[in-house]
Amino acid sequence: MTWQFTLAGFLIGALVGVTGMGGGSLLTPILVIFFGFKPTLAVGTDILHGAIFKSFGAVRHRRLGTVHARLTFWMFLGSGPMSLLGVATATWIAHHYGDAQSIESYAVGVALIIGGVGLVAKTFIKRGVQPSDAPFLLQRRDRIIAFTLGAVCGFVVGLTSVGSGTFFGLVMVLVFPLTLPKIVGTDIFHAAALLWVAGFGHLVAGNVDLRTMGWLLTGSIPGILLTSKLTLRIPERGLRLGLASVLMLSGIKLIDFAGADYVIAAGAAVAALGIGGWTLVGRLGRRPRPETVS
């Protein structure tokens, strides 16, 4: 099974290239649900793949000057060490409880649901985005918030691989006075650094399938390089809401409580109807009105 991994990687890369989102949150549930990976192995492979994958975007944003270096440093000061604690926790769970229907599956499922909700919020909340690129000097309060954000979310990323983009990006929108390009650039640059630390930890712990990761990269890197240069007529908010729906439904599938299949079917139908209706209304609203002859 090789071309299937390449195809999955290409879809992830294409999604990131089109929307600018960290579509890697989808890779862990894809590996678990469709390819039968053990949750800990899926998380480790996803994280190290994301480290290599997001480094391309990180270098690009650094060259464009859209990275707030000091903010990245203070977030990484908390996220780097705590991500290793998350890796250690995931490894401990795997060794003591096993992987089939384990605590790790529930942790990933809950993180996916929370990540989906956060992505919905991130799609609509723009009140903290600044219109001008004025210098932002970190105060003591900003450093504490950045460090705490890094510590909490870094642990979640190390444990579940979810949230390297959604959680950090959402909090930066709400808390720090940055322009949208600076939020995106700082988010991606920090995510790449964080994932390298967590990915190395998973590699040492034996939680990475290097062969699978290699095949995923053969699809994801061309995917992001190709689609990032294309202007597709797809509503960005529609894509974001679609991804959020997939994340939440994947989380429900991994938790697998009684009646989960009915919830997934109903949720998929509601999400499809809602996103389709919302997109249709948006297009009708942008349709030019016929000119009236006076």
Side-chain angles (χ1 to χ4, degrees), residues 16 19-25 47 50-51 53-87 89 110-111 114-201 236 240 244:
V16 175
T19 67
M21 294 180 295
S25 298
I47 287 179
F53 178 55
K54 288 195 173 182
S55 293
F56 286 85
V59 171
R60 178 174 175 270
H61 279 283
R62 183 60 177 169
R63 289 177 176 174
L64 292 174
T66 55
V67 176
H68 195 295
R70 291 185 181 274
L71 179 57
T72 301
F73 169 78
W74 281 100
M75 289 194 298
F76 183 72
L77 201 61
S79 65
M82 289 302 292
S83 70
L84 293 178
L85 180 60
V87 172
T89 303
V110 171
I114 297 175
V117 174
L119 185 54
V120 173
K122 185 179 175 183
T123 300
F124 292 102
I125 296 176
K126 302 294 182 183
R127 69 179 181 88
V129 177
Q130 299 299 306
S132 62
D133 194 14
F136 170 46
L137 303 178
L138 293 178
Q139 304 298 321
R140 184 172 182 270
R141 169 182 172 275
D142 300 318
R143 291 192 290 269
I144 292 174
I145 292 175
F147 178 84
T148 305
L149 169 65
V152 174
C153 295
F155 176 79
V156 175
V157 170
L159 178 65
T160 68
S161 82
V162 179
S164 62
T166 302
F167 299 149
F168 286 102
L170 176 60
V171 175
M172 281 194 288
V173 166
L174 294 173
V175 177
F176 302 117
L178 298 172
T179 61
L180 188 58
K182 275 284 179 70
I183 291 173
V184 173
T186 303
D187 189 5
I188 291 178
F189 193 87
H190 169 262
L194 166 60
L195 292 176
W196 272 112
V197 174
F200 181 76
E236 182 179 345
R240 286 174 177 264

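Values below: all heavy atoms of this structure, side chains included; hydrogens, waters and symmetry mates excluded. Quantities reported herein were computed from a predicted structural model and do not represent experimental measurements.
Side-chain atoms of Val157 and Ser83, non-hydrogen and from C-beta on, never get closer than 4.5 Å to each other. Using a 4.5 Å heavy-atom threshold, the side chains of Val175 and Leu149 count as separate. In this structure, the side chains of Phe155 and Thr89 come closer than 4.5 Å at one or more pairs of heavy atoms.
Under a 3.5 Å cut-off, the side chain of Thr148 and the backbone N or O of Ile145 do not form any donor-acceptor pair. Side-chain atoms of Arg143 come within 3.5 Å of backbone N or O of Leu138 as a donor-acceptor pair.
Looking at every heavy atom in both residues, Gly65 comes nearest to Lys182 through O-CE, 3.3 Å. Between Met82 and Ala151, the closest heavy-atom pair is CB-O, 3.3 Å. What you find for Val197 and Gly80 is that their closest heavy atoms are CG1-O, 3.6 Å. Closest of all the heavy-atom pairs between Arg62 and Phe189 is CB-CE1, 4.1 Å. Taking every heavy atom of both residues into account, His68 and Thr186 meet most closely at N-OG1, 2.9 Å. Between Ala192 and Ala58, the shortest heavy-atom contact is CB-CB, 3.9 Å.
For the atom pair OG1 of Thr72 and CG of Leu194, the computed distance is 11.5 Å after rounding to the nearest 0.5 Å. Taking OG of Ser55 as the start and CD1 of Ile188 as the end, the distance is 11.0 Å to the nearest 0.5 Å. A distance of 12.0 Å separates CZ in Phe76 from CZ in Phe147, rounded to the nearest 0.5 Å.
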>> Determine whether Val87 and Ile47 satisfy the following criterion, side-chain contact (heavy atoms from CB on, under 4.5 Å), listing intermediate values before the conclusion.
In response: CA-CA 10 Å; Val87 172; Ile47 287 179; 5.5 Å; no
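In the model, Thr66 has a side-chain atom that pairs as donor or acceptor with a side-chain atom of His61 under 3.5 Å.
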